[in-house]
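Below is one structure, written out as structure tokens; comments come after it.
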Protein chains: 2
Amino acid sequence: MLDVIGAESNILLYDLQTSRRSDSGSYELQLRLPNRDFKEQKVVSVTRKDQVYSILRQAIISSQLAPGEAIRKELVAAQLGVSRTPVSDAINRLADEGLVEIYPQTGTFVARLWLDKIETAQFVRVALETAAIRRTAERANPEALGRFRQNLEDQRKAANSRDFEQFYELDEALHDLICDAAGLVGLREIASKERSQIDRVRRLLLHYEARMVETLAEHEAIISAIADKDADRAAATMEAHIAQMGKMLLHLKIKRPELFGS
Amino acid sequence: MLDVIGAESNILLYDLQTSRRSDSGSYELQLRLPNRDFKEQKVVSVTRKDQVYSILRQAIISSQLAPGEAIRKELVAAQLGVSRTPVSDAINRLADEGLVEIYPQTGTFVARLWLDKIETAQFVRVALETAAIRRTAERANPEALGRFRQNLEDQRKAANSRDFEQFYELDEALHDLICDAAGLVGLREIASKERSQIDRVRRLLLHYEARMVETLAEHEAIISAIADKDADRAAATMEAHIAQMGKMLLHLKIKRPELFGS
DNA sequence: CAATAACATCTAACATGTTACATACCGACT
DNA sequence: AGTCGGTATGTAACATGTTAGATGTTATTG
């Protein structure tokens, strides 16, 4: 469902209204599980606020909503056909995640890029992923390795056809695979949340510098290190990757200072 | 101000009403900084939802609110003298943090202890803190080391006088010090959030088994390893500490299964 | 008596009205 | 002309009313 309705001030959003019980048909996204006494792996509750959250997050990470841009809650609510409540809830969550900045009584803005926060996010990401890799390496999982390689293969195809979106989805999927391979419940969600800043920056840089090929090579080096169960080398490769990103960020800041907050 | 007003169903909460603009006096907790164009280190906006969040979080981590216990939003709102909105906002944030479980259209409960989630939280905590230690060690900070030792000294005093609360505050403060020493903006907040599960469990176990002395020894071993710039040993010590905790958790689960969810 | 369907109840989710505050603008006063 | 103070405006924060759905209970039916 989810019809695109477009688009004021370069915002591309969707209409949630259609997923309501307006017709007698099933509404796909509204399924909820009442697993009160079950295992509870994050209740599959797709409430309106969850949907709004996903839509806004996607829009921010893909830079459809540019850093620094104002977010009119009321406008968003109107565009999505919901009230202000679920929009506020979604935005609060995004603020916790560092993707929006809320100034009390004043306004809400897509978070600008703060170099020091990005540095911290990088640190967290490396810490979590190298630890995950270390753990994965210890338990030697050939199927996981196969999935990594399949993913890299797909990345190569996407890079060849210069398909940014596809490439990026695969990139994120690879990180998810690495987290999953560690076999820890909920680790992927935590890592994904902490990575959101980085994901946004990387996608921005990818568009900006179009260095998919180099990125791919870095990914391959990391996976290769994992295959050799060499967590230290994997970590070192990541560090190098990050240093590279730091340089590019400085370039970007010179050319597009309006995206930055520091 | 925050007067204690007490307490239905073993809940100890506070009255926020008094911090409103009912008198002409200043209201301490209400200060906000309008630093729209400033460095923005988390706007010092102490809104009602922030206060409710802090109060509830404290209550949950200290187990004043027991795992599995129902949280009546409306009741909490009434007790705190606020409406349901800031309470809901606070609870949403706590749900993100994994401290409460929300079942749509059904109820909100203090999160039970899920062994697999605790395992993940431990993993994240170790990953972040050993990385922080590694970074701290690299940049050799004698003042930080002094602060660590002062903290340990205070912990020793608290342990001797068997002051749980004080001991625990110092314990958390030590972890904050370690994070700060890494010199990364916002790392402490991230680590603190990811640690909340663990903090709750540890405090529970501390009350339960009263092993402050042993815990203190473990802390001393960790700091000693840091002083020697031996991140690997620090990590190993933490791992041992965690294994210990895992055993105690299994005991606790047998004696008090109602606290657990898995 | 067991299974099931109608129903009562309770709560989160959602909608919407109201308030307080940050900011910008504008005019008066020095 | 520049500073200060009042005022207008817009938004998040807060309050409260309404809806939908999950659950437990009771009536009903085989």
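Every chain is numbered from 1 and lettered A, B, ... according to where its sequence line falls, protein lines coming before strand lines. Atom set for the values below is all heavy atoms of this structure, side chains included, hydrogens, waters and symmetry mates excluded.
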Ignoring backbone atoms, test whether [X] places a side-chain nitrogen or oxygen under 4.0 Å from the OP1 or OP2 oxygen of [N].
| X | N | result |
| --- | --- | --- |
| B:Thr108 | C:dA12 | yes |
| B:Arg72 | C:dT11 | yes |
| B:Lys73 | C:dT11 | no |

**Message:** Which residue in the set B:Lys193, B:Arg57, B:Arg200 passes salt bridge (Lys or Arg N to Asp or Glu O under 4.0 Å) when paired with B:Glu97?
**Reply:** B:Arg57

Interatomic distance, [X] [atom1] vs [N] [atom2] [rounded to whole Å]:
| X | N | atom1 | atom2 | answer |
| --- | --- | --- | --- | --- |
| A:Arg48 | D:dT19 | CZ | C1' | 10 Å |
| B:Lys49 | D:dA12 | NZ | C1' | 8 Å |
| B:Leu75 | C:dA12 | CG | P | 11 Å |
| A:Ile102 | C:dA22 | CD1 | C1' | 15 Å |
| B:Asp89 | C:dA13 | CG | P | 12 Å |
| A:Glu101 | D:dT11 | CD | P | 17 Å |

**Prompt:** Looking for any heavy atom pair under 4.0 Å, which part of the strands does B:Ile71 touch: base, sugar-phosphate only, or nothing?
**Reply:** sugar-phosphate

**Prompt:** So do the side chains of A:Val52 and A:Ile91 get within less than 4.5 Å of each other, counting heavy atoms only?
**Reply:** no

**Prompt:** Taking atom types as modelled, is there a side-chain donor on B:Thr108 or B:Lys73 under 3.5 Å from an acceptor on the other?
**Reply:**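 Not at all, the side chains of B:Thr108 and B:Lys73 share no donor-acceptor pair under 3.5 Å.
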
**Asked** Taking atom types as modelled, is there a side-chain donor on B:Thr47 or B:Asp50 under 3.5 Å from an acceptor on the other?
**Response** yes

**Message:** Taking the minimum atom-to-atom distance to the side chain of B:Gln105, which one of C:dC14, D:dG21, D:dC14 wins?
**Reply:**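 Closest nucleotide to the B:Gln105 side chain: D:dG21.
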
**Nearest-neighbour nucleotide for the A:Arg84 side chain, C:dA13, C:dA15, C:dG17 considered** =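 Among the listed nucleotides, the one closest to the side chain of A:Arg84 is C:dG17.
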
**Request:** Report the residue (B:Glu74 or B:Thr85) whose heavy-atom-nearest nucleotide on DNA chain C is the more 5′ of the two.
**Result:**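 The answer here is B:Glu74.
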
**Request:** Indicate yes or no: does B:Arg195 engage B:Asp176 in a salt bridge with an N to O separation below 4.0 Å.
**Result:**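 Between B:Asp176 and B:Arg195 there is a salt bridge, with a charged N closer than 4.0 Å to a carboxylate O.
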
**Item:** Base C:dA12 paired with B:Thr106 side chain (donor-acceptor, <3.5 Å)
**Value:** no

